[in-house]
Amino acid sequence: MPIALVDCNNFYVSCERAFNPKLEGKPVVVLSNNDGCAVARSNEVKALGIKMGEPWFKMEKFAKQHGIIALSSNYALYGDMSARVMSILSNFSPRQEMYSIDECFLDLAGFPEESLIAYGLTIRQTIKRHTGLPVCVGIASTKTLAKLANHCAKKGLAGEEGVCDFGRLSDDELGTVFSSLPVNEVWGVGRRITEKLQSMGIHTVQALRTSSPELIRQRFSIVLERTVLELNGVSCIELDQVGVPQQQILVSRSFGQTVTALDDLMESISFFTTRAAEKLRRDGSVAGNVCVYVRTNPFKESDPQYDRSIVVPIIATDDTSKLTHAAMTGLKAIYRIGYQYKKSGVMLMALEPKGQQQGSLFDDVAEDGRADQRMKVMDAINQRMGKGSITLASSGIKQRWAMRRENKSPNYTTEWGELPVVM
DNA sequence: ATGCTCCTGCGAA
DNA sequence: CTAACGTTCGCAGGAGCAT
């Protein structure tokens, strides 16, 4: 039962290029929030040796010497482009899992196996024509193998023109490919597990694939055991269908500059709670816990460090006011004077579908109905007029904690006002 | 012993 | 001029608690 993994190449950079062709062929990086570190690199930048996650301040000098163009991230643009890609892909399979902003699994069960490569090429061309974005397609019998096939398609290791189907390779050919791949290329094998595997003499994908699942389970976990099975074509990781509501919702951000006052933290927490509550209502869920956390800058070791979180249980709700009130209670409990705070966040937990909670003797049903109406109006206005048009007063207007984004591209696809004027 | 909730570690993009 | 290092999600497994 073949599965395809479609992955956009250098997604954020490609989105920027789709609207600004002058960036084509040039070295381009996209930076994380606060222009902190590299989160997307064009091939030219990768060739210059810039690593994923490298902090901007460390590479700035080098970057300027080599004419690297650095852009702040523009999530409104990437999110919109992602939605277009996913929508197009939905035409290519009855079952689709949107795995991340730039990746999508497609269930190709029942499709003629000998023509899957051609099908992959069609997917590539269609996405390119309709969005301008380059994608690669990996095809194999399990999700883990499809990820690996996609990697091969990107590197041109097997297959051609951005499509690789492991189902078309012989056992010998597969063995050769797997022996050439370092074990850390496997989905689920990160830094820590790579180190431990290497100390056991397992350096390549082939070595992991041929090791004993029982031993791996003993020394590591059931997760890595499943990975070994998946590498052998035994499907253990199901396709997650769309529309499954999230189990937790997190909104957090580092600040553009540090803050010390409770007031500033309250503003940020209020703002984050509002964003989180919007997501919650979009999912049709309610939250039974609000977790708040604040922390100083761990990289500034000379400063006194503080890092705390607290969970505030509430009667499950999706009402921004109630969630914010709970968040404020939590914040006041963990706030300590005298620290340079760099980041805060709000997590909504114990989520469940709305209308399925235990009732309580003291529920005010009429008030709940009025609150629902208020929230609907708030969401509608914010959707129509742009995020943050209406917020609770506690979100504040000083926003000393706001992000730095010094070189953001226009919101080409979501804000009329930001379209460049052509004379 | 068993089952729960909470918290931490890990990995992914 | 200087200092400057992301965000969001899920899973597993251990700790701690109650039964």
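Order of the sequence lines sets the chain letters (A, B, ...), proteins ahead of strands, with each chain counted from 1.
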Tell me what [X] touches on the nucleic acid: a base, only sugar-phosphate, or nothing, going by heavy atoms under 4.0 Å.
{"X": "A:I222", "answer": "sugar-phosphate"}
{"X": "A:I249", "answer": "sugar-phosphate"}
{"X": "A:D35", "answer": "nothing"}
{"X": "A:W187", "answer": "sugar-phosphate"}
{"X": "A:E54", "answer": "nothing"}
{"X": "A:K196", "answer": "nothing"}
{"X": "A:F11", "answer": "nothing"}
{"X": "A:V30", "answer": "nothing"}

Atom [atom1] of [X] and atom [atom2] of [N]: how far apart are they, to the nearest Å?
{"X": "A:D303", "N": "C:dA3", "atom1": "CG", "atom2": "P", "result": "13 Å"}
{"X": "A:L224", "N": "C:dA12", "atom1": "CG", "atom2": "P", "result": "13 Å"}
{"X": "A:M81", "N": "B:dA13", "atom1": "CE", "atom2": "C1'", "result": "18 Å"}
{"X": "A:R295", "N": "C:dC5", "atom1": "CZ", "atom2": "C1'", "result": "10 Å"}
{"X": "A:M52", "N": "C:dC5", "atom1": "CE", "atom2": "P", "result": "17 Å"}
{"X": "A:R192", "N": "C:dA12", "atom1": "CZ", "atom2": "C1'", "result": "16 Å"}
{"X": "A:E225", "N": "C:dG13", "atom1": "CD", "atom2": "C1'", "result": "15 Å"}
{"X": "A:Q218", "N": "C:dA12", "atom1": "CD", "atom2": "P", "result": "19 Å"}

* Asked: Between C:dG6 and B:dG11, how far is it from one C1' atom to the other, in whole Å?
  -> 15 Å
Does [X] make a side-chain N or O approach to OP1 or OP2 of [N] shorter than 4.0 Å?
{"X": "A:R226", "N": "C:dA12", "result": "yes"}
{"X": "A:R191", "N": "B:dA12", "result": "no"}
{"X": "A:K342", "N": "C:dA4", "result": "no"}
{"X": "A:K58", "N": "C:dA4", "result": "no"}
{"X": "A:N34", "N": "C:dA4", "result": "no"}
{"X": "A:S252", "N": "C:dT8", "result": "yes"}
{"X": "A:Q247", "N": "C:dC11", "result": "yes"}
{"X": "A:S254", "N": "C:dG6", "result": "yes"}

Residue [X], side-chain atoms from C-beta onward, closest of [options]:
{"X": "A:N289", "options": "B:dC6, C:dC5, B:dG11", "value": "B:dC6"}
{"X": "A:L250", "options": "B:dC6, C:dC5, C:dT8", "value": "C:dT8"}
{"X": "A:R253", "options": "B:dC7, C:dT7, B:dC6", "value": "C:dT7"}
{"X": "A:N33", "options": "C:dT7, B:dA13, C:dC5", "value": "C:dT7"}
{"X": "A:E60", "options": "C:dG10, C:dA12, C:dA4", "value": "C:dA4"}
{"X": "A:K147", "options": "C:dC5, C:dT8, B:dA13", "value": "B:dA13"}
{"X": "A:K343", "options": "B:dC10, C:dG10, C:dT7", "value": "C:dT7"}

Comparing nearest nucleotides in DNA chain C, the 5'-proximal residue of the pair A:K279, A:F57 is A:F57
### Message
Check whether A:F271 forms a cation-pi arrangement with A:R275 (NZ or CZ under 6.0 Å from the six-membered ring centre, at most 45° off the ring normal).
### Response
yes
Partner of A:E225 under side chain to side chain donor-acceptor pair (under 3.5 Å), picked from A:R217, A:R219, A:Q218, is A:R217
Quiz item: Less than 4.0 Å between a side-chain N and a carboxylate O, is that true for A:K46 and A:E54?
Solution: no
Ion pair present between A:D372 and A:K354, side-chain N to carboxylate O less than 4.0 angstrom? yes
Have A:D319 and A:T317 got a donor and an acceptor in their side chains that come within less than 3.5 Å? no
(Q) So that I know where these two stand, are A:F111 and A:Y119 an aromatic pair - ring centroids less than 6.0 Å apart? (A) yes
**Prompt:** Would the number of heavy atoms belonging to other residues, nucleotides or ligands and lying under 6.0 Å from NZ of A:K196 be above 12?
**Reply:** yes
